[in-house]
Number of protein chains: 2
Amino acid sequence: MRDDLYQLDEAATDAVFQALASRERRRLLDLIRGNPGCIVADLLSAFEMSRIGVLKHLRVLEEADLVVSEKAGRERRLYVNTLPLRAIHRRWSDEFDDFWAGKLLDLKDKIEAGS
Amino acid sequence: MRDDLYQLDEAATDAVFQALASRERRRLLDLIRGNPGCIVADLLSAFEMSRIGVLKHLRVLEEADLVVSEKAGRERRLYVNTLPLRAIHRRWSDEFDDFWAGKLLDLKDKIEAGS
DNA sequence: CTCATAGGTAACCAATAGGTTACATATTTG
DNA sequence: CAAATATGTAACCTATTGGTTACCTATGAG
C-alpha cells in the first residue's frame with residue numbers, strides 16, 4: 001500500500017494509542033522491530049509475566065495493526081507494521097506544523113514565568 | 001525550555017499515549033489548540049457528557065502535561081503544551097528513520113501476498 | 001506412534017478508567 | 001450582602017484492562 005493512502009479512522013487511532021500506552025507493549029514492539037520474523041517463544045524470556053500475559057499484549061498490538069504475523073508450521077512469525085505509526089506521524093506533521101517549526105510561543109514557560 | 005532537551009521518561013510516555021487513546025480527549029485537545037486561552041466552560045457545549053466528565057478528561061490531559069492552565073480569577077485558561085508531542089515525534093523520527101525513509105519492505109503486504 | 005513444543009482459549013480476579021450525582025468553594029455582579 | 005457563575009471534590013457504579021491458572025490443539029522429532 002502506498003504510504004500516503006494509509007489513513008486511520010478514529011477507532012483505529014484509539015487502538016494505536018491505547019496499544020502504545022503500555023511500557024510492556026512498547027518493549028514488545030521494539031523487540032519485534034529488532035528481530036523481524038521472531039516467534040512468540042523468542043519474546044517470553046524478556047518478560048517477567050506469564051506467557052499468556054505476553055500473548056494478550058501481543059494481541060492488543062495486532063488488533064491495533066502495529067504487529068502482523070505469518071503462520072509457519074506450528075510457529076508464528078512476527079513483524080512490525082509501520083504504516084499506522086507513519087500515518088500518525090504524517091498527520092501530526094500536518095496538524096502541528098506551526099508548533100514543530102517553533103513558530104508559536106511555548107505557553108507553558110510563559111505561564112510559569114508569570115507571563 | 002529548549003525543544004531538544006525535553007525528554008519523556010517511560011511513565012510520562014505511558015501518560016501521553018494513554019491520554020491520546022481517547023477520541024474525546026483528542027477532540028478536547030484540538031479544541032484547546034484552536035482556542036488557546038479558552039476556559040473550561042467554553043468546552044462544555046462541544047460534549048454530550050456531563051461537566052464532570054469533561055473535567056476528568058481534562059485532568060488526564062493535564063497529568064500527561066499535554067494541557068497546561070493558568071488561573072484567572074474564578075476562571076481557568078487552558079493551553080496546549082506541545083513539548084510532549086514534539087518529544088515523541090522526534091524520538092520516532094530517530095528510531096524509525098529507516099522505516100520513514102521507506103528503505104525497508106512493507107512486511108504486511110509481503111505477507112498478505114503470500115510472500 | 002508418542003511425546004515434547006508452540007501456540008491458543010476459557011474462566012476468573014483485582015485494579016483502573018470512564019462516567020454519574022450530590023455537594024463544596026471561590027469569585028464576580030447587582 | 002445575596003445570588004449567580006466557574007470550578008472543584010467525594011463517593012459511587014459499571015465496563016475494561018492486565019494479569020493469572022487450567023486446559024485444549026496442532027505440529028515436529030525420535
Side-chain angles (χ1 to χ4, degrees), chain A residues 10-32 35-80 111, chain B residues 10-32 35-80 111:
Chain A
E10 289 298 292
T13 306
D14 283 1
V16 169
F17 283 125
Q18 183 61 49
L20 293 172
S22 149
R23 239 162 291 198
E24 311 291 358
R25 284 192 293 265
R26 288 194 304 274
R27 202 149 61 83
L28 212 34
L29 202 59
D30 279 343
L31 285 170
I32 298 170
N35 301 281
C38 67
I39 67 176
V40 177
D42 295 333
L43 302 167
L44 301 182
S45 62
F47 295 86
E48 295 298 311
M49 85 188 80
S50 75
R51 182 179 60 91
I52 312 299
V54 175
L55 265 182
K56 281 189 150 191
H57 281 303
L58 197 50
R59 168 83 75 160
V60 173
L61 290 169
E62 292 183 284
E63 282 176 356
D65 202 24
L66 287 166
V67 165
V68 294
S69 69
E70 175 185 37
K71 192 80 178 172
R74 66 181 164 183
E75 302 179 336
R76 200 152 62 90
R77 301 232 169 84
L78 304 170
Y79 306 91
V80 167
I111 290 165
Chain B
E10 289 297 291
T13 307
D14 284 0
V16 169
F17 283 125
Q18 183 61 50
L20 293 172
S22 149
R23 239 162 291 200
E24 311 291 356
R25 284 193 293 266
R26 289 194 303 275
R27 202 150 62 83
L28 211 34
L29 203 58
D30 279 342
L31 285 170
I32 297 170
N35 301 282
C38 67
I39 67 177
V40 177
D42 295 332
L43 302 168
L44 301 183
S45 60
F47 296 86
E48 296 298 311
M49 85 188 82
S50 75
R51 182 178 63 88
I52 311 300
V54 175
L55 264 182
K56 280 189 151 191
H57 281 302
L58 197 51
R59 168 83 73 163
V60 173
L61 289 168
E62 292 182 284
E63 282 175 357
D65 203 24
L66 287 165
V67 165
V68 293
S69 70
E70 174 185 40
K71 192 82 178 169
R74 66 181 165 183
E75 302 178 334
R76 200 153 61 92
R77 302 231 168 86
L78 304 170
Y79 307 91
V80 167
I111 290 165

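Remember, predicted model here, so these are calculated numbers, not experimental data. Numbered from 1 within each chain, the chains take letters A, B, ... in sequence-line order.
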Peer 1: Would you sort out whether A/I39 and A/D42 count as a side chain to side chain contact (heavy atoms under 4.5 Å, CB included), showing the intermediate values?
Peer 2: CA-CA 5 Å; A/I39 67 176; A/D42 295 333; 3.4 Å; yes

Peer 1: How many whole angstroms separate atom CD1 of A/I52 from atom P of C/dG7?
Peer 2: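 From A/I52 CD1 to C/dG7 P: 11 Å.
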
Peer 1: Using a 4.0 Å heavy-atom cut-off, does B/G53 contact any base of the nucleic acid, only the sugar-phosphate backbone, or nothing at all?
Peer 2: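 The answer is base, as B/G53 lies within the cut-off (heavy atoms under 4.0 Å) of a base atom.
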
Peer 1: Test for a donor-acceptor pair under 3.5 Å between the base of C/dG8 and the side chain of A/R74, counting only N and O atoms.
Peer 2: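 Under the 3.5 Å cut-off, the side chain and the base do not form any donor-acceptor pair.
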
Peer 1: Would you say C/dT20 has OP1 or OP2 under 4.0 Å from some side-chain N or O of B/R51?
Peer 2: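 For C/dT20, OP1/OP2 do not have a side-chain N/O of B/R51 under 4.0 Å.
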
Peer 1: Expected output is a numbered-order residue list: members of residues 38-47 of chain A with a heavy atom under 4.0 Å from any atom of DNA chain D. What is it?
Peer 2: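 Nothing qualifies; none.
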
Peer 1: Of all nucleotides in DNA chain D with an atom under 4.0 Å from a non-hydrogen atom of chain A, which is the first and which the last going 5' to 3'?
Peer 2: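 First-to-last contact on DNA chain D, by the 4.0 Å heavy-atom rule, is D/dG18 to D/dG28.
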
Peer 1: So do the side chains of A/V40 and A/L58 get within less than 4.5 Å of each other, counting heavy atoms only?
Peer 2: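 Yes, at least one pair of side-chain atoms sits under 4.5 Å.
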
Peer 1: Roughly how far apart are B/L61 CG and B/E24 CD, rounded to 0.5 Å?
Peer 2: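 If I round to the nearest 0.5 Å, the distance is 11.5 Å.
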
Peer 1: Please step through side chain to side chain contact (heavy atoms under 4.5 Å, CB included) for the pair B/Q18 and A/Q18, ending with a clear verdict.
Peer 2: CA-CA 6 Å; B/Q18 183 61 50; A/Q18 183 61 49; 3.6 Å; yes

Peer 1: Once rounded to the nearest 0.5 Å, what's the spacing between atom SG of B/C38 and atom CG of B/L78?
Peer 2: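 B/C38 atom SG to B/L78 atom CG measures 5.0 Å (nearest 0.5 Å).
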
Peer 1: Which one of B/V68, B/D30, B/I32 satisfies the side chain to side chain contact (heavy atoms under 4.5 Å, CB included) criterion with B/V80?
Peer 2: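 Single pass found, and it is B/I32.
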
Peer 1: Please work out which residues in residues 55-62 of chain A have a non-hydrogen atom less than 4.0 Å from an atom of DNA chain C and list them by number.
Peer 2: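 A/L55, A/R59 - these, ordered by number, are the residues of the stretch whose heavy atoms sit under 4.0 Å from the strand.
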
Peer 1: For the pair made of CG in B/D14 and C1' in C/dA15, what is the distance, rounded to whole Å?
Peer 2: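 Going from CG in B/D14 over to C1' in C/dA15 covers 16 Å.
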
Peer 1: Check whether any side-chain heavy atom of A/N35 sits under 4.5 Å from a side-chain heavy atom of A/L43, and report yes or no.
Peer 2: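 The answer is no; the side chains never approach within 4.5 Å.
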
Peer 1: Run the salt bridge (Lys or Arg N to Asp or Glu O under 4.0 Å) test on A/R59 and A/E62 for me, step by step, so that the C-alpha distance in whole Å, both residues' side-chain angles and the decisive distance to 0.1 Å come before the verdict.
Peer 2: CA-CA 5 Å; A/R59 168 83 75 160; A/E62 292 183 284; 5.4 Å; no

Peer 1: Quick check: does any side chain N or O of A/R26 sit under 3.5 Å from a backbone N or O of A/L20, one acting as donor and the other as acceptor?
Peer 2: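 Present.
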
Peer 1: Once you round to the nearest 0.5 Å, how far does CD of B/E75 lie from OG of B/S69?
Peer 2: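 Separation between the atoms: 12.5 Å.
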
Peer 1: Can you tell me if B/S50 touches the phosphate of C/dG19, counting only side-chain N or O atoms and a distance under 4.0 Å to OP1 or OP2?
Peer 2: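 Negative; the distance criterion is not met.
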
Peer 1: With a sphere of 6.0 Å drawn around CD of A/E10, does it hold more than 12 non-hydrogen atoms of other residues, nucleotides or ligands?
Peer 2: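 Check passes, neighbour count above 12.
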
